[in-house]
Number of protein chains: 2
Amino acid sequence: MGTEDKKTSSLCRLTVIFFIGFVIGWCARPTINHGDASKSFLHDFLDEMQAENIKHHLRKFTRLPHLAGSQQNLDLAKQIRDEWMEFGLDSVELVPYDVLLSYPNKTNPNYISIVDHLGTEIFNTSLAEPVPEGYEDVTDIVPPYSAFSAKGQPEDELVYVNYGRTEDFFKLERELGINCSGKIVIARYGKIFRGNKVKNAMLAGAKGIVLFSDPADYCADGVEPYPDGWNLPGGGAQRGNVLNLNGAGDPLTPGYPAKEYTYRSSLEDAVGLPKIPVHPIGYHDAVHLLQHMGGPHPPDNWKGSLNISYRIGPGFTDGLNQNKVRMNIHTNNQVTRIYNVIGWIRGAVEPDRYVILGGHRDAWVFGGIDPVSGAAVVHENVRAAGKLMKKGWRPRRTLIFASWDAEEFGLLGSTEWAEDHARVLQERAVAYINADSAIEGMYTLRVDCTPSLHTLVYDITKKVSSPEEGEEGMTLYQSWHKRDNSTERDAPWISKLGSGSDFEAYFIRLGIASGRARYTKNRKTERYSSYPVYHSVYETYEIVERFYDPSFRRLEAVARVRGGLIFSLADSPVLPLDCVEYAMSLTKYANSIYQLALKHPAAMQQHSVSFDSLFFAVENFTVVARDFHQRLDQLDTSNALAVRMVNDQLMYLERAFTDPLGLPGRPFYRHIIFAPSSHNKYAGESFPGIYDALFDIENAVDWQKAWDEVKRQISIAAFTVNAAAETLKPVVS
Amino acid sequence: MGTEDKKTSSLCRLTVIFFIGFVIGWCARPTINHGDASKSFLHDFLDEMQAENIKHHLRKFTRLPHLAGSQQNLDLAKQIRDEWMEFGLDSVELVPYDVLLSYPNKTNPNYISIVDHLGTEIFNTSLAEPVPEGYEDVTDIVPPYSAFSAKGQPEDELVYVNYGRTEDFFKLERELGINCSGKIVIARYGKIFRGNKVKNAMLAGAKGIVLFSDPADYCADGVEPYPDGWNLPGGGAQRGNVLNLNGAGDPLTPGYPAKEYTYRSSLEDAVGLPKIPVHPIGYHDAVHLLQHMGGPHPPDNWKGSLNISYRIGPGFTDGLNQNKVRMNIHTNNQVTRIYNVIGWIRGAVEPDRYVILGGHRDAWVFGGIDPVSGAAVVHENVRAAGKLMKKGWRPRRTLIFASWDAEEFGLLGSTEWAEDHARVLQERAVAYINADSAIEGMYTLRVDCTPSLHTLVYDITKKVSSPEEGEEGMTLYQSWHKRDNSTERDAPWISKLGSGSDFEAYFIRLGIASGRARYTKNRKTERYSSYPVYHSVYETYEIVERFYDPSFRRLEAVARVRGGLIFSLADSPVLPLDCVEYAMSLTKYANSIYQLALKHPAAMQQHSVSFDSLFFAVENFTVVARDFHQRLDQLDTSNALAVRMVNDQLMYLERAFTDPLGLPGRPFYRHIIFAPSSHNKYAGESFPGIYDALFDIENAVDWQKAWDEVKRQISIAAFTVNAAAETLKPVVS
């Protein structure tokens with residue numbers, strides 16, 4: 001080897017050494033989490049959640065009633081706090097609020113009577129449900145009541161109003177010529193949120209409303225009443241609040257958290273309290289009230305299935321005597337302390353980005369299904385996350401776990417916390433996954449979520465096994481797809497979010513991408529409402545263990561879906577949100593609201609109503625969303641700020657659909673694309689501003705004004721969609 | 001050297017080479033801009049702005065009238081767009097909106113008459129101002145008028161209402177027993193925004209209002225009228241809009257940008273339009289109206305300085321005849337296209353963070369002071385930024401320059417753009433610096449800004465030289481400090497933001513940290529209102545060049561202050577916002593509002609009104625702000641995400657003080673700490689919700705309700721301050 005060669009060789013060696021140094025130096029610099037490592041953690045996380053554990057949590061949390069505001073529910077909060085700490089969360093806190101709750105008067109029970117012409121009560125409804133076997137010694141079972149009912153003892157004729165829906169009252173007033181003003185009305189449960197029934201009754205001038213569970217709505221065919229099956233027994237009745245809060249949270253502190261120092265309005269100025277007495281009864285009691293009714297026959301589709309020929313009022317005139325109905329309601333409103341449990345796992349890379357999993361803890365009685373089937377799943381999610389942390393994992397973003405209180409009293413715990421932390425949530429929350437009841441049927445998965453989560457939901461369900469017997473080797477996605485295909489494409493059916501659970505403030509008010517998943521019945525064949533024992537004393541551990549999910553594999557599947565969602569949202573370097581899916585949904589909603597308007601072709605022409613601006617906006621959004629995802633494919637994921645920037649665009653997209661001015665008359669419903677229906681809080685309405693402006697427009701007093709409002713709402717919707725599109729464009733003009 | 005030594009030496013060498021490679025590798029990785037390099041760029045930037053250039057821009061932009069909606073103002077927009085592109089901005093666009101403007105009827109002029117008992121007009125006010133020398137050939141000088149005045153020809157007695165302030169009408173009604181209902185009132189300009197005078201007149205039931213400039217308010221002592229001095233000539237009058245928009249922007253599209261497809265309300269439903277005729281006159285004309293008035297003598301401090309013994313109405317009874325006053329107003333409201341010019345410099349590191357410099361371009365006539373003294377300064381700011389870019393500089397964050405249209409018609413251009421881009425601004429805007437008139441006096445600097453900008457303002461003014469003769473070597477800070485020391489500490493006086501210029505939507509509605517700076521008069525000794533020729537035809541180039549700033553060094557100083565602010569905000573790695581200053585201001589405001597409430601000790605006690613929650617909240621904020629800045633001192637500025645995180649906290653702090661529910665009755669005023677006074681749009685009020693609840697509370701109809709509202713507002717303020725504090729806490733609980 002000559003000197004030159006030596007030199008060259010030496011130079012080569014030095015170059016190599018330099019290069020090695022360079023590479024190590026390059027790599028030693030902190031860089032963003034690519035998430036490759038996390039992929040295996042996702043599998044670990046999903047596998048960690050086990051049916052047996054969920055069964056154990058469910059059993060443990062359903063031994064006692066956990067009514068909001070009760071000592072038991074505080075004890076349970078502390079237990080959950082302690083266990084979450086043991087599981088390994090970074091911190092867990094109890095967060096109290098003092099909100100308006102409502103309880104029956106213990107010494108002066110609520111009931112409904114038939115009174116004769118002398119004023120004698122000749123029939124009284126039951127004061128409580130027969131307690132299920134094994135729970136005879138349990139105290140503090142609150143009897144069926146309508147929370148926030150007005151007090152009072154109105155006495156009058158009883159008018160049957162079917163489900164008490166807007167269309168039912170329209171039919172009564174406009175077709176049947178029956179006036180409910182000054183009467184007591186009786187409505188069957190089902191189809192819509194009970195608070196809407198009460199509101200409709202008040203609007204019709206009723207002075208009280210009785211709510212009953214009809215077997216047609218609360219019994220499945222061929223199923224026995226509990227405990228031999230999972231149907232509602234005749235002595236069972238549905239508890240529930242009858243508020244019309246429209247997202248306000250605590251009725252005394254709308255818009256602000258109910259802290260000690262917070263100003264509270266008077267009860268007269270409170271939001272959403274019914275002004276009339278309300279009371280729920282079971283079908284055994286309902287028979288007695290209904291069989292004595294006179295008046296014309298009800299329409300066939302109003303008859304229900306009580307197997308008696310009850311008839312519509314007016315006139316509590318059964319021929320022989322002048323009996324009336326009397327309501328005896330002594331329920332008290334009471335400012336009461338409630339407790340949310342909030343647990344944190346600090347994000348490793350972006351601690352200021354929050355992914356929230358929240359579900360309520362309070363139950364009307366044992367809450368076997370509502371909410372503990374959900375709370376047990378949250379508990380397993382937390383346990384699994386803690387387990388992973390012990391293996392060295394920490395999510396890229398911060399995870400927040402919430403056990404909400406007082407959901408049953410109007411989503412109070414979750415709404416107060418949202419109000420309390422609105423500013424940081426608006427700045428930092430990536431997504432909110434709701435965890436109410438995890439099961440309400442035995443058929444397949446049900447998912448309601450914002451469109452941008454569709455793709456992630458499909459992805460996650462492909463990583464989870466079907467829990468159904470005989471479907472070994474099948475994914476949950478396949479099982480779900482087979483059982484409930486979308487009408488629009490070859491994929492499982494996903495619905496939009498309505499309300500009636502704790503995601504409301506997060507999604508509808510704050511504009512945080514939200515979703516929920518649970519196991520459900522076959523929505524095409526099983527026609528009963530909700531699930532039969534809903535909000536009764538028969539929601540026990542045993543009803544789940546014996547009927548709904550004996551293997552607990554359905555709850556395990558739900559746990560994995562919910563867990564997989566929060567894991568991916570918290571840990572993926574680029575947020576797994578799909579704007580093109582949002583565009584597709586907007587297109588569908590725009591077409592649908594346009595079709596609704598087209599039912600008034602003459603008026604549309606006369607008032608020059610055009611949906612062009614909305615269709616242009618949706619098209620604009622579609623193009624921009626597609627371009628955004630194309631740019632995303634080119635993203636340099638090693639550039640931490642570039643990744644943060646597109647993630648901010650993804651995170652804030654849902655926010656962009658909100659408008660601080662809110663919907664007309666509903667200032668806390670700020671989402672312009674989605675709101676709970678004005679006629680049924682449970683259902684989601686798309687383009688709710690336009691929908692409500694069009695509703696019953698043919699009967700508007702001032703047509704010009706009514707159609708002007710339609711045009712205004714189209715303009716607002718079009719602008720909002722364009723504005724949301726702008727957030728996805730390149731950040732500099 | 002032994003083999004061992006050789007090996008060691010070789011190892012050493014390799015280690016060194018490796019180390020060099022490592023270091024180069026380390027350094028080759030992209031890292032955040034530490035801003036050290038930028039410090040010299042700041043000096044370059046400040047030095048680049050020169051008096052001569054500003055003089056040149058001012059001359060160029062003041063040759064013709066530039067009324068909003070006119071062809072000249074569109075031409076000017078295009079000229080500015082083209083020059084900004086030449087200066088080197090990345091992009092410049094014209095952004096149109098179609099908003100409601102208001103112009104006099106060209107064929108049917110507005111004037112005020114004295115009519116005798118036969119209905120003959122025995123005196124008419126002038127139809128126009130005498131045009132200043134050199135401008136005789138200019139067409140399209142709009143005569144003095146009150147934009148958005150109602151049309152009409154009311155005829156009645158004239159009642160003098162002093163400044164037309166709330167307290168003036170209280171005095172008339174409560175002390176003097178004078179009823180304005182059904183009368184025409186005449187108010188002198190000054191003290192408060194003219195729109196508030198008109199609102200007060202309407203509330204008092206007046207059927208028209210005449211506004212006049214009194215020499216007491218529009219002439220400085222010892223100064224000649226223009227062109228011999230800078231006082232208002234007797235034939236000059238003040239144009240201006242008389243809206244009460246409360247931040248709504250275009251009256252027909254409140255809350256939404258006035259695009260082609262936007263729904264427009266009817267004129268009847270428009271926001272803020274006066275329902276009565278309004279017209280402005282100069283003091284030569286005013287004398288004629290006032291000298292004929294009868295009735296009791298006015299209070300001494302109402303007399304003004306017209307040097308005639310005019311008297312208050314009622315009764316246009318000068319003894320000899322029954323003359324009346326007739327208003328002849330034919331002004332038209334008209335939807336008109338306006339154009340903002342928006343220029344961009346893309347940020348190098350964080351393009352999705354925006355720093356905005358905006359000022360209006362439209363003028364009532366030539367706009368020598370308002371706004372072109374400001375627009376010329378913006379032009380110089382843009383030129384200097386372009387120059388720096390040619391030297392290789394690019395700011396860390398995106399810079400946006402705006403030339404707003406139709407500010408004079410209710411801040412329309414800036415508000416529509418804010419409405420149009422509310423979502424991205426809310427997500428991305430770091431700060432808004434306003435650039436209206438850069439000079440209104442010859443004494444010293446005047447700054448109004450959000451408290452978090454105090455420190456930066458002081459820092460920048462220390463880098464700028466005093467423009468005053470005889471102050472060579474003195475900084476602007478020193479000159480300013482010497483002339484206008486704060487009453488609270490040893491530093492120059494900085495005031496809070498009110499309204500009346502284009503920052504309103506950005507600060508009060510969107511919660512973007514904002515500030516403004518201009519040269520001003522001596523506020524302690526110069527008692528005239530605004531500057532004498534304000535909104536008259538006498539606002540020419542020459543008035544600036546001859547009187548206000550012959551060397552153009554004052555405008556240069558203002559240019560450097562505004563420029564230095566946007567430079568630092570756009571380029572500093574850590575945002576130069578000071579939360580501790582905010583805490584200090586909050587403390588001051590809380591004390592001040594508490595003192596106001598203490599004027600009602602008995603009521604405070606009776607209604608159990610406590611400010612404790614507010615004081616606790618301010619104390620909480622103070623501690624948290626201090627801790628935040630302590631953590632900031634420890635920040636690892638090489639961690640791009642960590643820097644972004646604290647910057648987000650700093651950026652969103654101002655946002656945290658806003659509440660989507662807005663102030664009572666003023667939905668677009670959302671800032672809970674600052675709002676324009678309900679009695680004078682120009683003035684800023686701190687804790688405006690509490691202030692308004694307390695206002696005139698001793699005369700409230702229902703004391704219980706009134707004090708409940710005070711308590712509610714205290715609670716909202718306390719919560720908002722606590723919520724803002726939360727945003728500065730560590731991001732994980």
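Residue numbers start from 1 in every chain, and the chains themselves are labelled A, B, ... in the order their sequence lines are given, proteins ahead of strands. All of these numbers come straight from a predicted model, not from anything done at the bench.
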Full working for side-chain contact (heavy atoms from CB on, under 4.5 Å) between B/D648 and A/E427: CA-CA 9 Å; B/D648 278 2; A/E427 292 167 17; over 6 Å; no
Could you go step by step and tell me if B/R655 and A/R423 meet the side-chain contact (heavy atoms from CB on, under 4.5 Å) rule? CA-CA 8 Å; B/R655 230 78 95 233; A/R423 285 147 180 91; over 6 Å; no
Taking it one step at a time, do B/T253 and A/R712 satisfy side-chain contact (heavy atoms from CB on, under 4.5 Å)? CA-CA 10 Å; B/T253 63; A/R712 195 174 79 91; over 6 Å; no
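For the pair B/S91 and A/S733, the tightest heavy-atom approach, listed with the atom from each and the gap, is OG-O, 3.2 Å. The shortest non-hydrogen separation linking A/V732 to B/W344 is CG1-CE3, 3.7 Å.
Neither the backbone nor the side chain of B/E260 comes within contact range of chain A, judged by heavy atoms closer than 4.5 Å. Looking at A/D420, both its backbone and its side chain come within 4.5 Å of chain B, counting heavy atoms on both sides. The parts of A/T727 that come within reach of chain B are both its backbone and its side chain, each placing non-hydrogen atoms under 4.5 angstrom from that chain. Neither the backbone nor the side chain of A/F616 comes within contact range of chain B; no heavy atom of the residue lies under 4.5 Å from a heavy atom of that chain. Only the side chain of B/F668 has a heavy atom closer than 4.5 Å to any heavy atom of chain A. No part of A/Q426 comes within reach of chain B, as not one of its non-hydrogen atoms sits under 4.5 angstrom from that chain. Heavy atoms of B/D90 lying under 4.5 Å from chain A are absent altogether. With a 4.5 Å cut-off on non-hydrogen atoms, A/T658 touches chain B through its backbone but not through its side chain. Looking at B/T398, only its side chain comes within 4.5 Å of chain A, counting heavy atoms on both sides.
In this structure, B/V731 and A/E350 have side chains that are not in contact, with every pair of non-hydrogen atoms separated by 4.5 Å or more. Side-chain contact between B/M645 and A/R353 is absent, with no heavy atoms from C-beta onward closer than 4.5 Å. Between B/Y652 and A/V424 the shortest side-chain heavy-atom distance does not fall below 4.5 Å. Looking at heavy atoms from C-beta onward, B/K259 lies out of side-chain contact with A/S613 at the 4.5 angstrom threshold.
Against chain A, the residues from residues 261-271 of chain B that qualify, each with a non-hydrogen atom under 4.5 angstrom away, are B/Y261, B/T262, B/Y263 in number order. Contacts between residues 713-723 of chain B and chain A, defined by a heavy-atom separation under 4.5 Å, are made by B/S715, B/I716, B/A718, B/F719, B/T720, B/N722, B/A723.
Among A/E419, A/R346, A/E93, A/K729, the residue making the largest number of heavy-atom pairs under 4.5 Å with chain B is A/R346. When the candidates A/P667, A/P257, A/A642 are compared by the number of heavy-atom contacts under 4.5 Å with chain B, A/P257 comes out ahead.
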